[in-house]
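Here the structure is laid out as structure tokens; the discussion comes afterwards.
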Amino acid sequence: MNESGKKDTCRAWDRSPASLNITSWHRNVKIVPMIKGPTVTTYEDKRKLFLREINISYENLHHSSRRKDWMQHTDETDHKEIPEYISNIARKDNTYTLADFIQHLNDDQQNVIVVGDSGFGKTTLAIQLLLNWQRSLKFSAAFPIVIYLSLRQMKGDLYKTIMEQLLPKDTILKGESDVEDILREEKTYLIILDGFDSYPKKTDLESEVHLILAKRQMRNAIVVLLTRPTCLTKTIQGKLIWFKLNLFTTEQVELYRKQVLEDDHTRTYLRNILNYNKTLAEMCRVPLIISNVASFFREKRKPDITTGKGRGVTGFAIVLLEVLRYRASQPRGSDCNVTGVGHVFDFEAIKDTLGEHALSSLTANTPEDENVKIQPSSIQKSLCDLGILTKIDTFKGRDAETNESKVSERYTFAHDMFRYIFGAHFLAEKCTLDRFDELVKHVDIGNCHLMLTLTCKFTVEQAHIWTILRLLLEQDDAYPHPNRDCVAHCLYEATEASVGSLTSEIKPGLEQLCKREQGLDIHMKDPEDLTHAKVLLLNTCAKLEIPIKALALKSVVADVSDESIHLVNGDECIFPPNVEMLYLFDADQKLDETKVMLLAQKTSARLIECYSSLVPSSWPSYLSILLDENRQVVWIGREGHDVSTCTMLSYPSKTFRKWQNLSHALVLHSLRKTKSYTDLPDTEKESLEKNVMETMNGKTFEEFLSSSTSIPESNGLLSRRKELLELLSDGLNERQLVKHAITYEEEKTHNDKLQKIVRELMPAFKYRKTTDGSESREIPDNQTDTPDPTEKERDRMLRYTRELLQIHSDLQENY
């Protein structure tokens with residue numbers, strides 16, 4: 001433990017991401033010398049030695065993660081200049097400070113998972129936890145031992161990994177058995193597992209990490225699991241408390257800017273840049289990005305990120321390379337405003353070597369002990385000054401030829417972002433076509449979207465673009481970053497001439513992409529560059545007349561004209577000529593039913609679902625055409641941007657040429673079941689129904705029942721209507737919750753609830769499938785038992801709103 005009582009000096013967003021492949025930080029003897037002691041035999045001696053050695057590891061981890069360009073001009077003992085930790089931890093709708101998060105760990109004593117994208121600060125959070133454990137008596141009392149492990153480097157069992165990552169090679173502990181004995185005797189201890197998404201055995205439910213999370217091993221351990229978003233988290237068994245690392249808010253970006261930049265002029269200059277370049281401002285909400293951008297502006301020569309070149313992720317990568325090149329040419333201390341290096345070198349000459357190392361670590365041929373070797377060693381240390389590399393360890397050994405004693409050092413990339421940038425440079429500019437195909441084939445596509453996008457930006461070879469697009473189109477989409485988004489990015493970054501010449505090659509792949517159930521979508525939360533890319537992808541498919549299974553436009557449509565779809569960001573989309581299902585989300589009330597029906601007609605959609613807080617009332621001419629062609633139209637009321645709250649269902653009635661909601665249908669449905677109605681002649685029945693619909697127009701169901709005398713036997717309709725509407729609303733909400741579930745347990749819970757609602761709704765509407773699934777039929781009034789829906793029927797209802805609405809589709813056809 002730190003007995004000096006010094007204030008925590010960890011910088012807010014140091015370059016310390018989940019890809020910090022540090023396997024033995026304690027070996028950096030230059031930072032904290034190892035202390036050898038006599039042989040230990042008692043349990044207490046072993047425990048004290050174990051705690052001392054892991055504390056040394058954590059001090060070295062903290063030091064190795066510090067931004068060298070910051071520390072270069074800052075006295076390490078001057079704690080005032082180092083920014084405080086800015087927390088972006090959240091659970092549901094609540095934001096947690098670091099102290100709140102630690103208090104939660106202390107009080108709840110339950111396994112926790114923290115999900116955050118690359119660069120959101122997962123490892124920074126882990127280091128903060130380690131520092132607080134070293135300095136807080138309350139935290140250390142709750143967890144006397146804290147273990148931090150990188151799952152990416154986990155090669156053996158957990159105890160072996162602890163020996164490799166946290167203890168020195170010359171430790172006097174006898175081995176894994178001593179570590180196991182120490183942890184077995186602890187009443188409780190904390191294990192921080194970093195990088196579940198990179199864990200080699202993440203898909204193996206019988207692997208040690210899965211068993212620990214399920215409390216089948218090391219039952220005294222409380223686990224904090226850090227991971228990028230991945231669908232594999234649904235496979236984790238056992239109870240987990242979910243936290244998320246969010247983007248910085250605008251206020252947090254402003255706070256970070258004030259903390260890092262020294263003078264008012266530079267702070268104002270950066271603020272003006274962010275106000276002008278909205279894409280860069282959005283990117284700067286990522287902690288890793290703002291830390292790099294802020295460091296750009298500490299330079300004497302400011303980077304050019306005001307123009308199009310600096311927009312988007314690829315533009316940022318290009319600017320970053322320019323800044324690094326400039327820094328590499330400036331010696332340390334030559335100018336107080338330049339974060340130069342200890343040894344000036346030719347940055348361009350080193351990029352190739354860095355690219356080879358990056359690709360080696362990203363392919364299936366990754367060596368077990370990664371070591372980025374750059375000669376001479378002075379350049380390697382300068383790359384650490386630039387923040388590109390970080391030192392893994394320093395240890396003594398002997399030369400294989402001379403048998404002389406020598407000191408060896410190992411280095412790795414400080415963040416995956418540098419792997420992607422230098423890997424893309426090497427792929428685009430240094431690879432032959434054969435080697436390009438071989439390297440890209442072995443890359444983990446799902447985790448390397450940025451590298452593939454940058455490669456399409458850097459390359460001048462159409463064959464490179466075609467190879468990348470083919471690989472992306474051959475694979476299924478994966479949560480949370482679907483391959484179709486990367487396809488859009490790659491098309492967008494490639495030159496217009498390249499895309500045009502590849503039309504015939506990519507058309508079959510795009511056809512397969514558009515056939516998928518997910519279809520294409522443009523979301524209001526998409527970054528600006530991704531929106532541009534998706535528009536290009538949609539327009540490309542429209543020009544090629546490729547049928548699209550589903551198209552979802554989520555609060556991005558500003559207007560619809562006879563020529564095109566106008567988006568809120570100024571882009572225009574060509575009408576795709578053949579869309580099977582069209583989903584429109586209009587939270588900002590920009591689209592009325594006339595524009596929606598025009599869009600539906602232009603796209604030839606067979607199913608149109610509009611989610612909006614507007615209530616349809618007019619009857620556009622396009623609507624009659626749609627209904628004559630037997631297309632299904634559903635208008636689903638929503639409250640704002642909440643996808644899980646459906647307030648009302650409406651659909652057009654061909655009989656009455658009016659928009660009806662479920663209240664109208666239930667009134668007529670109930671009316672037709674009354675004896676008084678059945679005794680009327682057909683002409684009077686039609687007149688009565690029209691009278692009811694006119695009376696219902698503009699009134700709530702309750703108001704109609706209290707004022708109408710034209711419906712006989714109306715007693716009981718109100719309670720029945722409420723019951724059915726509540727069931728259907730609950731069913732829609734449960735369907736949304738199933739779709740957005742994160743954990744397996746959460747998905748199963750909402751699935752079960754939805755099944756129960758479906759079973760209640762089917763007899764309520766006197767509807768069910770026959771045993772062979774062919775025709776629907778009425779259930780006799782005296783029959784109350786209703787079997788469970790078939791597997792096929794259940795799947796349809798669970799996956800799509802249109803299938804859940806099938807419960808009352810008979811009403812729509814008849815009314």
Supply the atom-to-atom distance [X] [atom1] to [Y] [atom2], rounded to the nearest 0.5 angstrom.
X      : Y      : atom1 : atom2 : answer
Ile86  : Ile290 : CD1   : CD1   : 9.0 Å
Cys541 : Ile574 : SG    : CD1   : 10.5 Å
Leu582 : Leu551 : CG    : CG    : 5.5 Å
Ile565 : Thr603 : CD1   : OG1   : 7.5 Å
Leu544 : Asn539 : CG    : CG    : 11.0 Å
Glu593 : Leu623 : CD    : CG    : 9.0 Å

To check you understand the geometry: which heavy-atom pair defines the closest contact between [X] and [Y], and what is its length?
X      : Y      : answer
Ala414 : Gly387 : CB-O, 3.2 Å
Phe575 : Ser564 : CE1-N, 3.4 Å
Ala494 : Ile465 : CB-CD1, 3.5 Å
Leu320 : Phe418 : CD2-CE2, 4.0 Å
Tyr420 : Met451 : O-CG, 3.4 Å
Lys534 : Asp521 : CD-O, 3.0 Å

Is [Y] paired with [X] through a side-chain N to carboxylate O contact shorter than 4.0 Å?
X      : Y      : value
Asp526 : Lys554 : no
Glu580 : Lys549 : yes
Lys122 : Asp197 : no

Are the side chain of [X] and the backbone N or O of [Y] linked by a donor-acceptor pair below 3.5 Å?
X      : Y      : answer
Ser361 : Ala358 : yes
Arg285 : Phe248 : yes
Thr453 : His449 : yes
Thr594 : Pro620 : no
Trp635 : Leu614 : yes
Arg631 : Ala600 : yes

With [X], which residues qualify under ring pair (Phe, Tyr, Trp, His ring centres under 6.0 Å), at least two apart?
X      : answer
Tyr199 : none
Tyr622 : none
His464 : Phe436

Flag the pair [X] / [Y] as yes when at least one side-chain heavy-atom distance between them is below 4.5 Å, and no otherwise.
X      : Y      : value
Leu584 : Tyr611 : no
Arg228 : Asp416 : yes
Glu282 : Glu528 : no
Met597 : Leu626 : yes
Thr455 : Val440 : no
Leu321 : Phe422 : yes
Leu274 : Cys284 : yes
Ile113 : Ile236 : yes

- Task: From the options Val596, Val568, Ile522, Leu591, select the one residue that forms a side chain to side chain contact (heavy atoms under 4.5 Å, CB included) with Val557.
- Result: Leu591

- Message: Consider side chain to side chain contact (heavy atoms under 4.5 Å, CB included). Of Leu452, Leu491, Leu513, which one does Leu469 pass it with?
- Response: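 That would be Leu491; it is the only one of Leu452, Leu491, Leu513 passing the side chain to side chain contact (heavy atoms under 4.5 Å, CB included) with Leu469.
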
What residues, two or more places apart in sequence or in another chain, satisfy salt bridge (charged side-chain N to carboxylate O under 4.0 Å, His left out) together with [X]?
X      : value
Asp559 : Lys595
Lys457 : Glu493
Lys351 : Glu348

- Message: Run the side-chain contact (heavy atoms from CB on, under 4.5 Å) test on Ser118 and His415 for me, step by step, so that the C-alpha distance in whole Å, both residues' side-chain angles and the decisive distance to 0.1 Å come before the verdict.
- Response: CA-CA 9 Å; Ser118 180; His415 194 272; 3.1 Å; yes

- Checking side-chain contact (heavy atoms from CB on, under 4.5 Å) for the pair Val319/Val293: CA distance, chi angles, key distance, verdict? CA-CA 10 Å; Val319 171; Val293 170; over 6 Å; no

- Evaluation steps, side-chain contact (heavy atoms from CB on, under 4.5 Å), between Tyr492 and Val535: CA-CA 9 Å; Tyr492 183 69; Val535 169; over 6 Å; no

- Message: Please check if the number of heavy atoms outside Gln589 that lie under 6.0 Å from its CD is greater than 12.
- Response: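 Result for CD/Gln589: enclosed.
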
- Where do Ile546 and Lys507 land on the side-chain contact (heavy atoms from CB on, under 4.5 Å) test, with the steps shown first? CA-CA 8 Å; Ile546 296 175; Lys507 183 176 180 179; 4.2 Å; yes

